[in-house]
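Below is one structure; the comments refer to it alone.
By convention in this document, chain letters (A, B, ...) are assigned in the order of the sequence lines, proteins followed by strands, and residues within each chain are numbered from 1.
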Protein chains: 2
Amino acid sequence: MDRRQQKTRDAIFKAFSNLIEQKRYGNITVQEIIDEANIGRSTFYAHFETKDDLLKALCTDIFNHVFADELMSEKTHDFSGGNNGLEAKLTHILHHLKDSETNIVGILSSESGELFMRYFKDYLIVIFSKYLNEIKMNAPADFVLNHLVGSFAETVKWWIDNKMIYTPEDTAKYYIEVSCANRITDK
Amino acid sequence: MDRRQQKTRDAIFKAFSNLIEQKRYGNITVQEIIDEANIGRSTFYAHFETKDDLLKALCTDIFNHVFADELMSEKTHDFSGGNNGLEAKLTHILHHLKDSETNIVGILSSESGELFMRYFKDYLIVIFSKYLNEIKMNAPADFVLNHLVGSFAETVKWWIDNKMIYTPEDTAKYYIEVSCANRITDK
DNA sequence: ATTATAACGAACACAATGTTCAATAACATA
DNA sequence: TATGTTATTGAACATTGTGTTCGTTATAAT
């Protein structure tokens, strides 16, 4: 990729990130983005068709980074004292979110969080699907998957909104306790 | 309230509901609303300051209706075969959502759902708070409350997105099973 | 050094915003 | 029914944002 393109793309992402922390996504204008990024109007439209296009690209960039290990390998990481693979994997994701260079905290805790959450869940579905066969079913499988993904996403949002006062390890543990305890099959 | 005001307000709500089913909230313009409602431009601004103001008013109207019984009385309703008050109460709410005259389905299943969900959760917090002392704690109380509210809201969204193929009774039962089973205190 | 291509910036037509104001219509009340 | 009140109307207005075009300039790649 041309260095100029990369530089422009970065400037747009950075400007957009700054703005999204200050105000709701729907109230951000392309005008503000190009002013903040200090680029020409036509340059923006050479990179992204719409504002929605930009948000999607930013989320994809971030999540590909956060979920990189999780999506590629089957190995589990031992950040937690937990014993099962899911808890370790979730702990790992929380660590990534906490240490991320991009201000994910700002984006997710801002009023723009809803759209971010939507893309976040798309990635979580991939993770949780791998564990679904290990969970005891008290309800239809699609209900359970939706429930696990949705409630973990809610957990993450809550964790971030509350200034991450709990450790990734504790947060993942609480989640497993409340969502999965007594539901892991003995195998 | 002046009949003219009521008529105009209804026309705006109806127009807005129609539009919100077709396209995302952020892409709806005031212009479209007043065209659809067939009212004068200045009339709209006499009723609502902004588009956000309108959405909030619409949600408030809907939720005050759906949650009316739940918020006012302590009595439980026996729509379900369930035995504890929470399951009956949630079943009742699901029935209200299903039977509502306003097209809640359209609003919640559209791309505008996120904002609706935010207001929805505000009401759910009131409901769930009453039951929190009956739930065994495996995690901090605020974590549990957030988890219960968030996952029930997700359940409702899933239910609606899936064309409500399960009954309110079954849906509430699944939710209680997955979220609260083994966590109700014996008292 | 040459070629390709990215960014620039000015200009454009168009659409939406939010406000104002005088005229008209519908309402409430006695 | 007559009277004062209030809501709606429609047109006008300045302002802001949109998405596109195009010739020029600057920076890459080879």
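With contacts defined as side-chain heavy-atom distances shorter than 4.5 Å, the pair A:C59/A:F120 does not qualify. No side-chain heavy atom of B:E154 sits less than 4.5 Å from a side-chain heavy atom of B:W158. Taking the side chain as every heavy atom from C-beta outward, B:E36 and B:I28 never approach each other to under 4.5 Å. The shortest side-chain heavy-atom distance between B:L115 and B:R118 falls under the 4.5 Å cut-off. For the pair B:S17/B:N103, no side-chain contact is recorded, criterion being any heavy-atom separation below 4.5 Å from C-beta on.
In terms of the side chain to side chain donor-acceptor pair (under 3.5 Å) criterion, residue partners of B:S100 (sequence neighbours excluded) are, by chain and number, B:T102. Partners of A:D161 according to the side chain to side chain donor-acceptor pair (under 3.5 Å) rule, which considers only residues two or more places apart in sequence or in another chain, are A:K157. Applying the ring-ring contact (aromatic ring centres under 6.0 Å, His included) rule to A:H47 yields no partners; only residues at least two apart in sequence or on another chain are considered. Judged as a side chain to side chain donor-acceptor pair (under 3.5 Å), and not counting sequence neighbours, A:T60 has no contacts. In this view, B:Y166 satisfies the side chain to side chain donor-acceptor pair (under 3.5 Å) rule with no residue, not counting sequence neighbours. Judged as a salt bridge (charged side-chain N to carboxylate O under 4.0 Å, His left out), and not counting sequence neighbours, the contacts of A:D2 are A:R4.
In the region residues 41-61 of chain A, proximity to DNA chain D at under 4.0 angstrom, judged on heavy atoms, holds for A:R41, A:S42, A:Y45. Only B:I39, B:G40, listed by number, bring a heavy atom of residues 13-40 of chain B to less than 4.0 angstrom from any atom of DNA chain D.
Across the interface with DNA chain D, nearest-nucleotide mapping of A:K7 and B:K7 shows B:K7 to be the residue nearer the 5′ end.
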Please convert DNA chain C into dot-bracket. A pair counts if it is Watson-Crick or G-U wobble with both distances under 3.5 Å; crossing pairs go in [ ] and bases paired with another strand get |. |.||||||||||||||||||||||||||||
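Of the possible polar contacts, one joining the A:S110 side chain to the A:I20 backbone as a donor-acceptor pair under 3.5 Å is found. Between the side chain of B:Y175 and the backbone N or O of B:L148 there is at least one donor-acceptor pair closer than 3.5 Å.
A:R3 comes within 4.0 angstrom of sugar-phosphate atoms only, judged by non-hydrogen atoms across all strands, and of no base.
First and last contacts of DNA chain C with chain B, using any nucleotide atom under 4.0 Å from a protein heavy atom and ordered 5' to 3', fall at C:dA16 to C:dA28. Taking the 5' to 3' direction, DNA chain D first and last meets chain B under 4.0 angstrom from a heavy atom at D:dT6 to D:dG10.
Between B:F48 and B:F44, the ring-plane angle classifies as tilted under the 30° and 60° cut-offs.
Residues in residues 50-59 of chain B take part in these side chain to side chain donor-acceptor pair (under 3.5 Å) pairs, two or more places apart or across chains: A:R24-B:D52, B:Y25-B:D52.
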